[in-house]
> 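Just passing along the structure, written as C-alpha cells.
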2 protein chains.
Amino acid sequence: MPEPHVSAPIRVLVVEDEPVTAEAHAAYVARVDGFTVAGIAHTGHEAIRLLRDSREGRTPPIDLILLDVNLPDTTGIDLCRSLRASGIEIDVIAVTAVRDAAVVRSAVSLGIVQYLIKPFNFAAFAEKLQAYRDYHGRVGSAVVTDQQEVDASFAALRTSSSADLPKGLTRETLDRVRAAVRDSPAGAMSAAELAAELDLSRVTARRYLEHLADTGIVERAGRYGTPGRPEVEYRRR
Amino acid sequence: MPEPHVSAPIRVLVVEDEPVTAEAHAAYVARVDGFTVAGIAHTGHEAIRLLRDSREGRTPPIDLILLDVNLPDTTGIDLCRSLRASGIEIDVIAVTAVRDAAVVRSAVSLGIVQYLIKPFNFAAFAEKLQAYRDYHGRVGSAVVTDQQEVDASFAALRTSSSADLPKGLTRETLDRVRAAVRDSPAGAMSAAELAAELDLSRVTARRYLEHLADTGIVERAGRYGTPGRPEVEYRRR
DNA sequence: GAGCACCGCGAACAGTATGAACACAAGCGG
DNA sequence: CCGCTTGTGTTCATACTGTTCGCGGTGCTC
C-alpha cells in the first residue's frame, strides 16, 4: 500500500562538515522515495548562504534541512535559532553524535521535527524521512478541520522505533532492564541483582543483560574478592 | 512500582486575553496532577514581563506556557518567535480557535509541543498536559542513551487522537473496555481478565486494550514471577 | 424481501517469553 | 590437590500471547 507518491519531491539541504559523511547522507536522501537532494553545505555560513539563495528565488526552494549539530563555525542549534529569529520556518531534522538531553530539549524547543543519533543505518534514516513525508503531506492543505486532524499530523512525526529485537525478548522488559541499569547507583549490576530489582528470574535478567552486552550498550566485567565463583557484572558505558 | 509522581510540579503560565477563559484554563491546569499555575497574562507584553521576572529570579521559574494565539497586542506565533530569538527555550502549548494549516506549520517550526483547538473540554486538555508531562519526565535526565530513548520522548509529545477508532473496533465496545479499565480496583488488567469481566473473548479484549495502549490511554506492563510466559497487563495512567 | 457486501467477533492453533531445576565452573581454604 | 561454597549457563515444562480464518449479524442494493 505504499502509494507511489506522485507529488513534487521534498527538497533537502544536507548540512554536515565531514565530506565523506555528507556524501553518504546525501546518498541516503536520494534513496528515499519522495525526496531529492537540493544541496550540500559543510559549514553554517555555507548553509545560510544556500538558504538565502533559495529564499530569494535564485535557486529552487528548500523544504527540509538535514542538520548536523557539530559544525566548524557554529552549532546546529545556534544555526537553527538564527533561522527562527529571521522568521524562516523551514523544517529541520537534527543529526548528532552527542548524547546530551539538553541538546534534545533545545532541539525540541526550536521546532526540530526529527532527531537522529549518529551512527545510524539506512533503515533508521528512512524511517525518519518517511515519517516527515507523512507529516508534510498532511499539513500541506490550507485548512485543518479539527483537533483530530492536528493530532494526526503530530502523530505522523512520531516514529515507531521499529528496532527488531531477537526472539525471546520483549520491548517492555528490555525497557525496564535498560532503565534499571541506567539508574543503578554503581553503574553496574549482576544478573542476580537485576533479577531482585525487577522481580524477574535470574535467567531472564541474564538474557536481557547479555543482549545489551552484545549490542554494546553495557559491557561485561568480573567481580572478584568474594568467596565462591566470581560474579559477572554488567557495566553501563 | 508506579511512583506517585513526587517530583516538583510543572509551573504553567496561562496567556489568554479573555479573562473568563483565562480563569477557566488556569482552573483546568490546577486540576491536572503534576501541574500548578505560575501566573496569568492577558497580553503579550504582560507575558513577556512575567517571563523576564521569572528568568531573572524575581519570581519562581516557569516551565511551560499555555499560549493563546490571538492576543490583543501580538500573536502567539510572533510572541513565540521573539522568545526563540532571545534564546528562551521554554516549552509552549498553543491554544487557538484558528483552523489554518499555516498556523500549525508555524507552531511546529517554533517548537510548540502541543496544539489545542478551542473550544475543548477538560479531557482533551488533560490528555495534552499528561503527554507533555511524560515528555518532560523523560528528557529531565542529563544524558540520553540511544535513539530509542529519543524516539520515546518525541512519541510522548505526539499523541494520536483517541477519538477515531481503527477498523475492527466499535465505539460501544471501546467505551465498555475503557469503563472496565477505569473501574478496575488494581488499575491494571490482563486481556484474559478483561475478557472474563466483560464476557468478551480474549482476542477481542486484547484488540481493544492494544488500541488503548497505542493511543496512550493505558500502558503495557509485564506481570512476572509465575512460571510460564508472562502476562501483559494494561495499566491505566 | 431476497441477495449481497461488509465488518466485528471468537474458536482454534502455532509461537514464544518466562522461571524451576540442574549440571558445571571458578575461586578459596584446608 | 580436594572439598566447599557460590554463582554461571543451559534445558525444558509451562502458560500466555498473537494471529488466522470462518461465522454470524447488520445494513445496503435492487
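Order of the sequence lines sets the chain letters (A, B, ...), proteins ahead of strands, with each chain counted from 1. Computation of the quantities below employed the complete heavy-atom set of this structure, encompassing side-chain atoms and omitting hydrogens, waters and symmetry-equivalent molecules.
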> Between A/E231 (CD) and D/dT5 (P), how many Å, whole number?
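Spelled out: CD on A/E231 to P on D/dT5 is 18 Å.
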
> Please report the distance, rounded to the nearest Å, between CG in A/L174 and C1' in C/dT18.
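The distance from CG of A/L174 to C1' of C/dT18 comes to 15 Å, rounded to the nearest Å.
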
> Taking OP1 and OP2 of C/dT18, is either one under 4.0 Å from a side-chain nitrogen or oxygen of A/Y208?
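True: A/Y208 side-chain N/O within range (under 4.0 Å) of C/dT18 OP1/OP2.
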
> What string of B, S and - do you get for nucleotides 19-30 of chain C, 5' to 3', when a contact is any protein heavy atom under 4.0 Å?
BBB---BBS---

> Take atom CG of A/L209 and atom P of D/dT8, then tell me their distance rounded to the nearest Å.
10 Å

> Rounded to whole Å, please give me the gap between CZ in B/R206 and C1' in D/dT20.
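Checked: the CZ to C1' distance equals 13 Å.
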
> With B/D91, which residues qualify under side-chain hydrogen bond (donor to acceptor under 3.5 Å, both in side chains), at least two apart?
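Testing B/D91 for side-chain hydrogen bond (donor to acceptor under 3.5 Å, both in side chains), a comparison that skips the adjacent residues, returns B/Y132.
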
> What is the distance from CZ of B/R171 to C1' of C/dC7, rounded to the nearest Å?
16 Å

> For B/L198 and C/dC9, what is the distance between atoms CG and P respectively, to the nearest whole Å?
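Taking CG of B/L198 and P of C/dC9, I get 11 Å after rounding.
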
> So among A/R99, A/R182, A/R178, which one has a salt bridge (Lys or Arg N to Asp or Glu O under 4.0 Å) with B/E149?
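That would be A/R182; it is the only one of A/R99, A/R182, A/R178 passing the salt bridge (Lys or Arg N to Asp or Glu O under 4.0 Å) with B/E149.
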
> Holding to salt bridge (Lys or Arg N to Asp or Glu O under 4.0 Å), I want the full list of residues that pass it with B/E197, two or more places apart in sequence or in another chain.
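Scan of B/E197 (salt bridge (Lys or Arg N to Asp or Glu O under 4.0 Å), adjacent residues dropped) gives none.
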
> B/R220: what forms a side-chain hydrogen bond (donor to acceptor under 3.5 Å, both in side chains) with it, not counting sequence neighbours?
B/E210, B/D214

> Apply side-chain hydrogen bond (donor to acceptor under 3.5 Å, both in side chains) to B/S190 and list each qualifying residue two or more places apart in sequence or on a separate chain.
B/E231

> On the nucleotide D/dG7, are OP1 or OP2 found under 4.0 Å from the side-chain N or O atoms that A/S190 carries?
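Looking at the OP1 and OP2 atoms of D/dG7, neither is under 4.0 Å from any side-chain N or O of A/S190.
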
> Would you mind reading off the distance between A/K167 atom NZ and D/dG18 atom P, rounded to a whole angstrom?
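Rounded to whole Å, this separation is 12 Å.
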
> Between D/dC16 atom P and B/L194 atom CG, what is the distance in whole Å?
16 Å

> Could you pull out all residues at least two apart from B/E193 that satisfy side-chain hydrogen bond (donor to acceptor under 3.5 Å, both in side chains)?
B/R223

